[in-house]
Amino acid sequence: LVESRDVEANATDRNKFALGLAAVALLQGRYADSATHAMHALQVDPQDTAAHLAAARATLAQGRFETAAGHALDALEITPAIPEAHHLLGVALAWLGEWDDARQSLDLAIQFDPEATHSHRFAALVAEALGDAAAAEDHAAKARTGAAPAEKRPFGAADLAAQHGLRTR
């Protein structure tokens with residue numbers, strides 16, 4: 001007989017494995033594979049916040065912004081206080097040109113993690129797009145402290161800025 005806790009442990013192990021594969025594929029630039037692995041994890045456990053975040057990352061990197069926003073929202077429904085989910089949602093909304101909603105999501109990401117330079121970088125671009133020069137400069141200054149260059153990040157701020165004719169800091 002197989003006990004239910006053994007089945008549950010096996011499902012947990014399968015999820016961890018799928019999420020590990022999703023992370024490796026994302027780092028290797030194999031975004032479709034990353035999304036596939038994240039979706040496998042979601043099939044095992046639709047309430048797995050980490051799986052929704054992995055799916056959001058992968059679909060964002062693929063340029064599937066509405067899908068990425070949906071996965072970020074799903075993660076936030078399960079666990080509302082995740083800075084990364086708010087950040088991913090804000091980035092997806094910015095790419096969709098939903099500037100006000102993007103600003104709100106990025107502000108929440110920053111409230112949960114004030115040192116998140118990547119969130120400040122995107123918040124600066126969103127503030128600039130909204131015509132709020134003071135907020136753009138404030139976020140840009142915070143983003144400069146220890147931030148990795150935008151060009152080194154998938155779905156980076158430099159790409160968003162170029163598409164929308166915004167300045168990079």
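Just so we're clear, the structure is a prediction, and the values are computed from it rather than from any experiment.
Expressed to the nearest 0.5 Å, how far CD1 of Ile110 lies from CZ of Arg103 amounts to 10.5 Å. Put simply, CD1 on Ile82 and CG on Leu88 are 10.0 Å apart, with the number rounded to the nearest 0.5 Å. Going from atom CG of Asp138 over to atom NE2 of His120 covers 7.5 Å, rounded to the nearest 0.5 Å.
Contact check for Val91 versus His87: side-chain heavy atoms found under the 4.5 Å cut-off. Residues Thr117 and Lys142 fail the side-chain proximity criterion, which asks for heavy atoms closer than 4.5 Å. Here the side chains of Ile78 and Asp48 are not in contact, with every heavy-atom distance at 4.5 Å or above. Contact of the Leu53 side chain with the His71 side chain is not registered, since no non-hydrogen atoms from C-beta on lie closer than 4.5 Å. Counting heavy atoms from C-beta on, the side chains of Phe65 and Leu60 come closer than 4.5 Å. At least one side-chain heavy atom of Leu42 sits under 4.5 Å from a side-chain heavy atom of Met39. Counting only heavy atoms from C-beta outward, the side chains of Gln111 and Leu108 approach each other to under 4.5 Å.
Nearest heavy-atom pair, Ala35 versus Ala58, reported as atom, atom and distance to 0.1 Å: N-CB, 3.4 Å. Across all non-hydrogen atoms, the minimal contact from Ala56 to Ala72 is CB-N, 3.9 Å. Among all heavy-atom pairs drawn from Gly90 and Leu106, the shortest one is CA-CG, 4.0 Å. Nearest heavy-atom pair across Ala127 and Ala136 is CB-N, 3.5 Å. Considering all non-hydrogen atoms of both residues, Val126 and Trp99 come closest at CG1-O, 3.4 Å. Across His52 and Ala75, no two heavy atoms sit closer than the pair CB-CB, 3.8 Å.
For the residue pair Asn15 and Asp45, no side-chain donor N or O sits within less than 3.5 Å of a side-chain acceptor on the partner. For His86 and Ser105, the side-chain atoms include no donor-acceptor pair closer than 3.5 Å.
Phe17 and Val24 end up in different hydrophobic clusters when Ile, Leu, Val, Met, Phe, Trp and Tyr side chains are linked at under 4.5 Å. Connection of Val44 to Leu19 is not established within any shared hydrophobic cluster, with ILVMFWY side chains joined at heavy-atom distances below 4.5 Å, either directly or through further cluster members.
With sequence neighbours excluded, no residue satisfies ring pair (Phe, Tyr, Trp, His ring centres under 6.0 Å) with His37. By the side-chain hydrogen bond (donor to acceptor under 3.5 Å, both in side chains) test, Glu84 pairs with Arg57, sequence neighbours left out.
Under a 4.0 Å N-O distance rule, the pair Arg144/Glu137 qualifies as a salt bridge.
No donor-acceptor pair closer than 3.5 Å links the side chain of Ser34 to the backbone N or O of Arg30.
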